[in-house]
Amino acid sequence: MNAGFFARPVVEVARDLVGCVVAHGPTAGVIVETEAYHESEPACHAYVGRTARTTVLFGTPGTAYVYRSYGIHALLNAVCEPEGVGAAVLIRALEPVSGLEEMRARRGRDDLCNGPGKLTQALGVELAENATSLLHGPVQIHEGDSRMPVVAGVRIGITKAVELPWRFCARGNPHVSRPWPR
DNA sequence: GTATGGATCTTCT
DNA sequence: GAAGATCCATACA
């Protein structure tokens, strides 16, 4: 994966990331579900501008943005758009491909990566990986199947800008966080 | 099968 | 002091 991939409109990157591979140590999975977030809409953390928390969103494309959700889960994002624009793609679900035993040990159950909080636990990704590079850091994203059929829908679990069709799933893939609506 | 509530922490007001 | 890009156990139909 190269830096130019992430320095594009965040919605394009979100669509193209489906089929790519996320790896952390011995564990890895194919991305089957993403959501795009952009500073221009209120569901995005960068909407409020630069703060201590959101600075990484405005930084180098291809950087990991990891934050704690509901006090319990770490959520993994890929910073997008040119430097200075606050945008990121949330990785919502993976199809596990390696390190399955490690994932099961961390999860303690068999649904390993079908949710944004679950996949970080399965991969062992935590807040320590925030602001690290997805190109050459501990968590990496690699090229995958660019021909994978993708469908778009509305985002999940948010209360603002709920109408934007910025969620992308691998069509028919059983590892998505929720069955495709409609 | 759907519905509800609790866990627990970071950030910003 | 409140809100939140979640997950899971439990209750009920």
Side-chain angles (χ1 to χ4, degrees), chain A residues 6 9-18 20 22 24 27 29 31-59 61 63-81 85-96 103-132 134 139 141 150-170 174-182:
Chain A
F6 296 99
V10 66
V11 176
E12 285 184 24
V13 179
R15 186 190 60 220
D16 293 346
L17 274 176
V18 176
C20 293
V22 179
H24 185 225
T27 59
I31 298 173
V32 296
E33 183 178 348
T34 64
E35 284 177 2
Y37 289 87
H38 188 272
E39 63 177 81
S40 64
E41 46 91 12
C44 183
H45 291 173
Y47 184 69
V48 297
R50 289 184 194 250
T51 67
R53 177 201 209 179
T54 63
T55 294
V56 59
L57 284 171
F58 293 87
T63 301
Y65 170 53
V66 184
Y67 78 99
R68 189 162 303 290
S69 172
Y70 291 92
I72 302 189
H73 303 103
L75 267 53
L76 173 64
N77 303 251
V79 175
C80 294
E81 307 261 354
V85 179
V89 174
L90 170 67
I91 311 299
R92 282 196 59 91
L94 305 176
E95 176 177 339
M103 293 186 190
R104 264 189 280 271
R106 291 198 182 109
R107 289 278 301 137
R109 59 185 60 238
D110 285 328
D111 51 328
L112 299 175
C113 296
N114 61 334
K118 299 180 187 182
L119 71 90
T120 53
Q121 186 185 13
L123 296 192
V125 173
E126 252 297 338
L127 299 197
E129 280 76 32
N130 186 37
T132 62
L134 292 169
V139 182
I141 296 183
V150 176
V151 288
V154 297
R155 296 177 293 184
I156 293 175
I158 55 174
T159 58
K160 289 168 277 195
V162 294
E163 73 285 355
L164 293 175
W166 285 5
R167 177 188 178 213
F168 300 92
C169 288
H175 299 278
V176 298
S177 66
R178 293 180 52 180
W180 195 249
R182 286 188 298 282

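Sequence lines set the chain letters: A, B, ... in the order given, protein chains first and strands last, and positions in each chain run from 1. Given the structure is predicted, the values throughout are model-derived calculations rather than measurements.
- One interatomic measurement links the two molecules: CD1 of A/I72 to C1' of B/dT8, which rounds to 5 Å at whole-angstrom precision.
- Distance, A/R178 CZ to B/dG1 P: 14 Å, rounded to whole Å.
- Within 4.0 Å of A/D111, counting heavy atoms only, lie sugar-phosphate atoms of the nucleic acid but no base atom.
- Separating the CD atom of A/Q121 from the P atom of B/dT8 is a distance of 14 Å, rounded to the nearest angstrom.
- Note: NE2 (A/H45) to P (B/dC9) measures 18 Å, nearest angstrom.
- No more than 12 heavy-atom neighbours from other residues, nucleotides or ligands sit within 6.0 angstrom of OH on A/Y47.
- Side-chain contact between A/L123 and A/L94 is present, with heavy atoms from C-beta onward closer than 4.5 Å.
- In this structure, B/dT2 and C/dA11 make a Watson-Crick or G-U wobble pair, each of the two defining distances being under 3.5 angstrom.
- Nearest heavy-atom pair, A/A64 versus A/V56, reported as atom, atom and distance to 0.1 Å: O-CG2, 3.9 Å.
- Checking side-chain atoms of A/E41 against main-chain N and O of A/H38 turns up a donor-acceptor pair under 3.5 Å.
- With DNA chain C read from its 5' end, the first of the two nearest nucleotides for A/R107 and A/T159 is the one closest to A/T159.
- Between the side chains of A/R106 and A/Q121, no donor N or O sits under 3.5 Å from an acceptor N or O.
- If you walk DNA chain C from 5' to 3' and mark each nucleotide with an atom closer than 4.0 Å to a heavy atom of chain A, the marks span C/dG4 to C/dA9.
- Heavy-atom nearest nucleotides on DNA chain C were determined for A/K118 and for A/I158, and the one closer to the 5' end corresponds to A/I158.
- A/G117 comes within 4.0 angstrom of sugar-phosphate atoms only, judged by non-hydrogen atoms across all strands, and of no base.
- A/R155 comes within 4.0 angstrom of nothing in the nucleic acid, heavy atoms only.
- Here the straight-line distance linking atom CD of A/E33 with atom CZ of A/F168 works out to 11.5 Å at 0.5 Å rounding.
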